[in-house]
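In what follows, a single structure is set out as structure tokens and then discussed.
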Protein chains: 2
Amino acid sequence: MADTKQLILDTALRLFNQQGTGAVSTNHIADGAGISPGNLYYHYRGKPDIIRALFEQLFAQTDERLNLPTDRLPMVSDIMMLVRINFEIMGEYRFIYRESLLLLRQDPALHQRNIEVRARGYEGFREIITALSSMGILVALDAAVVVRLADLLWLIGEFWLSSLEVSGQDLTDEAMERGIELMMQVIQPYLTTP
Amino acid sequence: MADTKQLILDTALRLFNQQGTGAVSTNHIADGAGISPGNLYYHYRGKPDIIRALFEQLFAQTDERLNLPTDRLPMVSDIMMLVRINFEIMGEYRFIYRESLLLLRQDPALHQRNIEVRARGYEGFREIITALSSMGILVALDAAVVVRLADLLWLIGEFWLSSLEVSGQDLTDEAMERGIELMMQVIQPYLTTP
DNA sequence: GTCTATATCGCGATAGAC
DNA sequence: GTCTATCGCGATATAGAC
């Protein structure tokens with residue numbers, strides 16, 4: 001194989017998304033990738049190592065695909081587009097969002113790393129909301145209110161798909177748009193041009 | 001023991017909350033309860049059976065402890081009190097909220113049951129919000145807006161604690177109050193007496 | 001109801017040939 | 001890099017004595 005290391009990751013991601021990390025053993029992954037268990041252990045120390053690698057792949061994808069236009073100032077519609085792309089990425093790495101609380105508890109170092117990456121993302125996001133307010137797209141707001149709005153939008157972005165799954169709804173485009181509508185509902189009272 | 005069946009549940013709940021369902025075997029539970037593995041299997045078919053029983057216990061607790069005053073009309077502060085109690089219950093059954101998406105995927109019958117119970121709870125909640133609007137505590141609103149507000153409050157109630165954990169914050173009373181503040185932020189623009 | 005003993009299974013992990 | 005073979009371990013589950 002050209003790149004066994006990546007093949008293992010791709011296979012693991014597919015199986016984890018389908019069956020959850022608990023139900024998928026290193027043997028299953030090797031089997032699904034068409035390689036021997038020994039070979040898998042040559043490339044990775046074990047399942048936790050593979051999970052860490054998938055987290056890193058998710059971080060990299062997020063950095064790569066989640067960007068605002070640089071040639072002009074951001075608008076509300078730009079943010080909603082970011083959220084759509086984020087929903088897409090979350091779908092590709094579904095197992096991470098399904099099991100995050102569990103996976104992070106089992107791996108303190110990964111938890112720490114995740115907190116840092118997440119904090120950077122959140123900071124950037126909050127700055128965008130602040131910018132919208134100072135640009136006059138949102139009415140002038142207390143700093144405290146801006147933070148609460150950012151927190152709300154962030155929470156929706158992070159857990160809307162989970163909410164759909166728990167309530168037994170499919171992750172259709174329409175369902176994702178309802179998440180976007182909830183976000184719009186949050187900021188609608190503060191828009192200068194409704 | 002007076003009631004071995006309940007003792008097993010109590011022990012399992014404690015261990016699941018501490019270590020997660022994956023890390024806790026039936027042997028561990030039996031050990032923690034001070035009984036033999038064989039005895040555990042006399043009372044339950046296995047770990048999935050115990051998990052189902054804990055879900056049912058959670059449903060019962062929720063029914064029992066989550067009630068509005070019947071001697072007068074509900075106010076906004078009543079709802080916030082409901083949310084506080086709900087956070088408390090969620091703390092007691094923490095493993096369910098940490099692993100819900102995973103546990104429900106592994107047990108379709110339980111998933112179905114959870115969807116039904118949850119739907120009933122959500123319906124009741126939505127009616128309360130509708131009532132607040134028709135009582136004039138919230139300004140008169142489109143039905144669609146009422147639904148979105150209910151969805152938002154429900155989402156916050158369900159995932160605020162998870163959000164805290166993912167971002168590495170402790171589940172203190174102060175942190176929970178910040179969740180309540182987010183809810184207030186959502187309805188604040190629609191309050192008739194701010 | 002509760003125990004002890006045990007059967008079966010599959011996972012994680014490594015050694016050593018190629 | 002990749003494979004085959006294999007060991008040790010612990011988990012689930014049951015049988016049978018008390």
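Note on naming: letters A, B, ... go to the chains in the order of the sequence lines (proteins, then strands), and numbering restarts at 1 for each one.
- Atom CG of B:D49 and atom P of D:dA13 are 10 Å apart (whole Å).
- With rounding to whole Å, A:I29 atom CD1 is found 17 Å from C:dG10 atom P.
- B:Y93 meets the ring pair (Phe, Tyr, Trp, His ring centres under 6.0 Å) test with no other residue; sequence neighbours excluded.
- Ion pairing between A:E92 and A:R65 holds under the 4.0 Å rule for side-chain N and carboxylate O.
- For the pair B:D31 CG and D:dA11 P, the computed distance is 10 Å after rounding to whole Å.
- With sequence neighbours excluded, the residues that form a ring pair (Phe, Tyr, Trp, His ring centres under 6.0 Å) with A:F159 are B:F159.
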Report each atom pair, protein N/O against N/O of nucleotides 11-13 of chain C, whose distance is under 3.5 angstrom.
unit_1 : atom_1 : unit_2 : atom_2 : d
C:dC11 : OP1    : A:H28  : NE2    : 3.3
C:dC11 : O5'    : A:S25  : OG     : 3.4
C:dG12 : OP2    : A:T26  : N      : 2.8
C:dG12 : OP2    : A:T26  : OG1    : 2.8
C:dA13 : OP2    : A:Y41  : OH     : 3.1

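- Shown here are the side-chain hydrogen bond (donor to acceptor under 3.5 Å, both in side chains) partners of A:E56, two or more places apart in sequence or in another chain: A:R113.
- Under the ring pair (Phe, Tyr, Trp, His ring centres under 6.0 Å) criterion, A:Y44 pairs with no residue, sequence neighbours left out.
- As rounded to whole Å, 14 Å separates atom P of D:dA11 from atom CD1 of B:I50.
- For B:Y42, there are no ring pair (Phe, Tyr, Trp, His ring centres under 6.0 Å) partners two or more places apart in sequence or in a different chain.
- Taking only side-chain nitrogens and oxygens, A:N39 never comes nearer than 4.0 Å to OP1 or OP2 of D:dG1.
- Here B:Y42 reaches the OP1 or OP2 of C:dG1: one of its side-chain N or O atoms lies under 4.0 Å away.
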